[in-house]
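Index from 1, following the sequence.
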Amino acid sequence: MCGIFGLFINDNKKYNQNDIKKSLNKIACLSEERGKDSSGFAFFKENTVNIIKGDIPISSLIRTNKFDQIFSDFVNSNCFSVIGHSRLV
């Protein structure tokens, strides 16, 4: 089993960065019910993709410094999207 989810933000100026992070955290943690063995995110903006993944539950991955750094880099752009997964091996 696995959980797959995503978030697309167009015209970021309409949304508070904390609200975007809370929404992403909520859908990620809901997805964790589908698998806790590994997880990952792929962030997209313009022509850039950045991936973070690990053999840890998504609730742990979302609390890492690397996640915070990638999230901050992407959320400051005008338009970005993120796809995530949680996996049961």
Show the nearest heavy-atom pair for residues [X] and [Y], with the distance to one decimal.
X	Y	value
Tyr15	Asn10	CE1-O, 3.9 Å
Ser39	Ile56	OG-O, 2.8 Å
Ile58	Ala28	CG2-O, 3.2 Å
Ile70	Phe43	CG2-CD1, 3.4 Å

Discussion item. Between Ser86 and Ser31, do the side chains contain a donor N or O and an acceptor N or O under 3.5 Å apart?
Written reply: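 Note: Ser31 and Ser86 side chains meet the donor-acceptor criterion.
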Fill in: Verdict with supporting geometry, Phe41 and Ile62, side chain to side chain contact (heavy atoms under 4.5 Å, CB included)
CA-CA 9 Å; Phe41 292 93; Ile62 208 164; 4.1 Å; yes
Can you tell me how far [atom2] of [Y] sits from [atom1] of [X], rounded to the nearest 0.5 angstrom?
X	Y	atom1	atom2	result
Lys26	Ser23	NZ	OG	10.0 Å
Asp19	Leu24	CG	CG	12.5 Å
Lys53	Lys66	NZ	NZ	9.5 Å
Ile9	Gln17	CD1	CD	11.0 Å
Arg87	Asp55	CZ	CG	9.5 Å

Worksheet item: Considering only heavy atoms from C-beta outward, does the side chain of Asn50 approach that of Phe44 to under 4.5 Å?
Response: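 Of all side-chain heavy-atom pairs linking Phe44 with Asn50, none is under 4.5 Å.
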Worksheet item: Within a strict 4.5 Å, meaning less than it, do heavy atoms of the Ile20 and Leu7 side chains meet?
Response: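 Ile20 reaches Leu7 side chain to side chain.
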Worksheet entry | Stepwise side chain to side chain contact (heavy atoms under 4.5 Å, CB included) test for Cys2 and His85 | CA-CA 7 Å; Cys2 66; His85 77 88; 5.8 Å; no
Item to complete: Please confirm whether Lys45 makes a cation-pi placement over Phe74, using NZ or CZ under 6.0 Å from the six-membered ring centre and within 45° of the ring normal.
Response: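 That pair qualifies as a cation-pi contact.
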Practice prompt. Please determine if Asp68 and Lys21 form a salt bridge, counting it only when a charged side-chain N lies under 4.0 Å from a carboxylate O.
Written response: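 Salt bridge flag = yes for Lys21 with Asp68.
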Worksheet item: Do Val82 and Phe5 share a hydrophobic cluster (ILVMFWY, side-chain heavy atoms under 4.5 Å, transitive)?
Response: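 Same cluster: Val82 reaches Phe5 through Ile, Leu, Val, Met, Phe, Trp or Tyr contacts under 4.5 Å.
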Discussion item. One pair to check against side chain to side chain contact (heavy atoms under 4.5 Å, CB included): Ile52 and Thr64. What are the steps and the verdict?
Written reply: CA-CA 10 Å; Ile52 178 174; Thr64 64; 3.8 Å; yes
